[in-house]
Amino acid sequence: MRLVVSYLTFAAQFYQFMNTSVRVRFAPSPTGPLHIGGVRTALYNYLFARKHDGSMILRIEDTDQGRFVPGAEQYIIESLAWCGIHFDESVVAGGPHAPYRQSDRKTLYKQFSDKLIASGHAYYAFDTPEELEELRKAAEAEKQTFTYNTSTRKQLRNSLTMAADEVDKLIGEGTAFVVRFLIPENTEVIMEDIIRGKVVVKSETLDDKVLYKSDGMPTYHLANIVDDHLMEISHVIRGEEWLPSLPLHVLLYQAFGWDAPQFAHLPLLLKPDGNGKLSKRDGDRLGFPVFPLQWNDPKTGETSSGYRESGYFPDAFVNMLALLGWNPGTEQEIFSMDELIGAFSLERVGKAGSKFDPEKTKWFNHQYLVKRSDSSLAEDFSIFLQEKGITSDNETITKVVSLVKERVNFVKEIWNESYFFFETPTEYDDQVVKKRWKAETPGLMRALAEILATIDAFEPSNLDEAIKVWIETNGYGMGAVMNALRLLLVGAAKGPHLADIMAIIGKDETLKRISKGLSSLPQ
RNA sequence: GCUCCCAUCGUCUAGUCAGGCCCAGGACGCCAGGUUUUCAUCCUGGUAACAGGGGUUCGAAUCCCCUUGGGAGUACCA
């Protein structure tokens with residue numbers, strides 16, 4: 001007969017009824033830069049917390065001393081801050097459950113490991129990594145997988161197979177040991193996931209995971225459960241890669257006699273082409289950032305590009321990420337953080353992985369760029385101008401920005417669409433010359449220059465009117481005149497309305513460009 | 001291999017829980033046309049999907065089963 005174990009305790013359900021506060025955590029490991037999948041997990045946690053007036057906690061899970069990467073923790077904090085994801089409790093802000101870095105909580109975990117041993121839910125194991133490695137290899141040679149579980153633990157060196165005094169002796173001598181969880185036999189672990197529904201696993205397919213390492217540190221599994229319990233986490237929202245660990249975690253809560261939080265396992269972010277989890281290499285290969293901020297690896301010296309440095313607005317980036325795997329069920333696509341908070345629900349998170357689309361990400365940035373005020377855009381753009389050694393007044397830059405912003409996705413692209421406002425053309429596009437610069441054009445341009453010279457107020461409306469009258473009076477073709485004029489003023493077949501260009505560069509510059517062009521182009 | 005998860009246009013997705021309103025809607029991309037003094041924007045239109053097979057049902061994208069495909073996990077990593 002199977003013993004049915006369900007983590008779905010009444011208390012967990014009561015969180016809703018009792019209006020007990022929602023408390024969620026983002027718990028990254030500082031082993032490198034946080035990639036956009038991690039940012040999305042943090043974002044969903046944040047949206048959920050804010051939506052329910054709950055608390056958002058940042059906990060650093062650095063129980064693997066061998067994988068510590070200097071700067072990674074700071075990177076994570078800075079990245080999330082850039083995204084507008086703020087924490088109520090964290091290594092920086094502190095909080096009622098401090099410390100929030102697991103390495104700083106090290107001494108805490110042993111008592112919980114001991115407790116599990118005392119209650120018979122865990123045991124000591126003395127097998128060395130080398131011995132286990134050998135067993136794995138041997139199994140692999142026979143196309144099998146070695147698993148430390150019900151079927152093998154009776155043959156291994158642990159407190160299940162050894163006499164109590166021998167175990168005591170070994171430990172007393174300082175022999176290295178780990179603590180393993182004793183997976184119960186013949187049990188069905190029944191789990192409830194907010195996104196996936198009911199998931200059932202037979203306990204004998206699970207293995208006796210290490211809870212406490214020989215270096216005196218807990219593994220992720222132990223530390224995670226202990227801290228989530230101690231920190232009173234109500235909902236665990238994390239990536240789908242953790243789903244296979246859920247049975248263990250549920251069993252752990254049971255072993256401790258604790259109420260488990262509710263779980264929600266998010267679908268993964270997949271590479272844009274083909275299949276598989278999005279990775280750093282995909283970004284390099286396909287030319288888009290996979291990290292929020294630029295990252296300089298302290299070990300390899302390698303630099304990875306970031307969304308911030310690539311010119312993305314944080315709110316556009318967040319908006320894009322929010323819609324990857326979640327949707328509001330309406331046709332709205334542009335959301336501020338506050339709107340996301342209002343609309344978000346875990347029930348509307350999909351189950352299937354989402355392929356990341358760099359093109360749509362650019363579209364989002366375009367939407368935000370167009371929406372941004374001309375003056376704030378001008379402020380950003382003037383930094384690019386300064387770098388190019390170009391000086392111009394704010395009013396001009398603002399006007400220029402307003403004329404070209406519809407055409408670009410990024411602030412840095414404004415230059416390509418507006419350089420001719422700041423620089424006199426030095427060369428003329430061959431194709432355009434061929435197409436627009438006819439034998440009669442020079443005469444036309446000279447005559448036009450004379451007309452323009454008589455206009456004092458270089459305003460778009462005046463210019464349009466004067467040119468129109470002149471063209472109509474003389475029976476010229478609008479295209480013949482304007483395209484040639486554009487060639488002289490811009491040097492290419494591009495740019496906004498000509499009168500707007502002339503009004504901004506002014507009368508002197510306009511006339512100068514015409515005469516300069518006339519002297520360098522064929523007569 | 002084993003365990004678990006997943007499956008609608010090229011991509012993100014609506015619709016699936018409560019079967020008919022769906023010969024499947026929106027967005028990105030792409031293509032065409034229109035507006036325009038250029039380019040772009042913009043507007044209009046188009047392209048394009050229920051993985052396959054069985055059931056259940058008067059009726060299935062929606063429910064069930066199988067197959068196929070994809071993903072994740074399988075460490076003294078998280």
### Message
Please pick, from B:G73, B:C76, B:C12, the nucleotide with the shortest atom-to-atom distance to any side-chain atom of A:Pro244.
### Response
B:G73
### Message
Please determine whether a side-chain nitrogen or oxygen atom of A:Thr205 lies at a distance below 4.0 Å from atom OP1 or OP2 of B:C4.
### Response
no
### Query
At under 4.0 Å between heavy atoms, what does A:Gly325 touch on the DNA or RNA strands: base, sugar-phosphate, or nothing?
sugar-phosphate
#### Entry: Lys/Arg N to Asp/Glu carboxylate O, A:Arg59 vs A:Glu61, below 4.0 Å
yes
### Message
Is it the case that the side chains of A:Asn158 and A:Tyr148 hold a donor-acceptor pair, with the cut-off being a distance below 3.5 Å and no angle test?
### Response
yes
### Query
Separation of A:Leu246 atom CG from B:A72 atom C1', in whole Å?
14 Å
### Summary
Partner of B:C2 under the Watson-Crick or G-U wobble criteria, both distances under 3.5 Å, comes out as B:G73
### Message
Less than 4.0 angstrom between a side-chain N/O of A:Arg180 and OP1 or OP2 of B:C76, yes or no?
### Response
yes
### Query
With respect to the phosphate group of B:C76, does any side-chain polar atom (N or O) of A:Arg136 fall under 4.0 Å of OP1 or OP2?
yes
### Residue pair A:Asn149 / A:Ser151, side-chain donor-acceptor N/O under 3.5 Å
yes
#### Entry: A:Lys143 vs B:C2: side-chain N/O to OP1/OP2 distance below 4.0 Å
no
### Task
Would you please say whether a donor-acceptor pair under 3.5 Å links the side chains of A:Asn327 and A:Arg348?
yes
### Task
Take atom CD1 of A:Ile225 and atom C1' of B:A78, then tell me their distance rounded to the nearest Å.
13 Å
